[in-house]
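See structure below.
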Amino acid sequence: MAFGSFDEAGVTQPMAEINTTPLVDVMLVLLVIFIITAPLFHQAVPIDLPQVNATKLDDKPEVIQLAIDVDGKVFWNGEAIHRDALDARFAAASARQPELHLRADRKVAYEKVADVMAAAQRASIVKIAFLTEAAR
């Protein structure tokens with residue numbers, strides 16, 4: 001019996017101990033396998049790469065800081081612009097695939113924020129981040 005005792009006296013109480021020997025055996029086998037395979041992860045084929053003299057490319061995307069204040073005024077990188085000029089600015093900037101960092105006052109109407117996001121989407125600007133302040 002797997003869960004019975006070895007006492008044949010007729011009292012069949014289940015065993016209260018857990019046999020950890022199979023667990024230790026499995027862990028030792030896994031340890032041995034890990035010790036054998038770990039050095040294989042660090043081996044690489046030695047290759048003599050050619051040397052070139054080139055400058056490092058910084059592919060940092062352009063970031064548009066767009067803010068909407070409580071009155072619904074739009075600020076493009078700190079410069080106040082009219083809402084009608086926003087579509088033209090987005091269209092001109094979309095060729096450079098910029099990131100749009102959008103800051104909106106907590107009391108601004110959701111409609112204003114959605115309008116700005118729709119204008120960015122129409123200009124194929126897909127990277128939009130909402131900037132917030134940390135809670136105090």
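Side chains are part of it too, since the values below use all heavy atoms of this structure and drop only hydrogens, waters and symmetry mates.
- Ala104 approaches Val113 most closely through the heavy-atom pair CB-CG2, 3.7 Å.
- Side-chain contact between Glu99 and Glu62 is absent, with no heavy atoms from C-beta onward closer than 4.5 Å.
- For the pair Asn77 (side chain) and Ile64 (backbone), a donor-acceptor distance under 3.5 Å is absent.
- Clustering ILVMFWY residues whenever any of their side-chain heavy atoms sit less than 4.5 angstrom apart, transitively, puts Leu86 in a cluster other than the one holding Val70.
- In this structure a side-chain-to-backbone donor-acceptor pair under 3.5 Å is present from Asp69 to Asp71.
- Residue pairs that meet the side-chain hydrogen bond (donor to acceptor under 3.5 Å, both in side chains) test with at least one member in residues 106-123, sequence neighbours left out, are Arg83-Asp115, Asp87-Arg122.
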| message | For a side chain to side chain contact (heavy atoms under 4.5 Å, CB included) check, start with the C-alpha distance between Phe75 and Ile68, then their side-chain angles and the critical distance, and finish with the verdict. | response | CA-CA 6 Å; Phe75 296 87; Ile68 306 172; over 6 Å; no
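- Across all non-hydrogen atoms, the minimal contact from Ser94 to Ala123 is CB-O, 2.8 Å.
- Distance CE/Met27 to CZ/Phe34: 11.5 Å, rounded to 0.5 Å.
- The two atoms that bring Val116 and Phe90 nearest to each other are O-CE1, 3.8 Å, heavy atoms only.
- Looking at heavy atoms from C-beta onward, Ile125 lies in side-chain contact with Pro98 at the 4.5 angstrom threshold.
- Within a 6.0 Å radius of CZ in Arg89, other residues, nucleotides and ligands contribute more than 12 heavy atoms.
- In summary, of the residues considered (Ile128, Leu131, Leu102), a side-chain contact (heavy atoms from CB on, under 4.5 Å) with Leu66 occurs for Leu102 alone.
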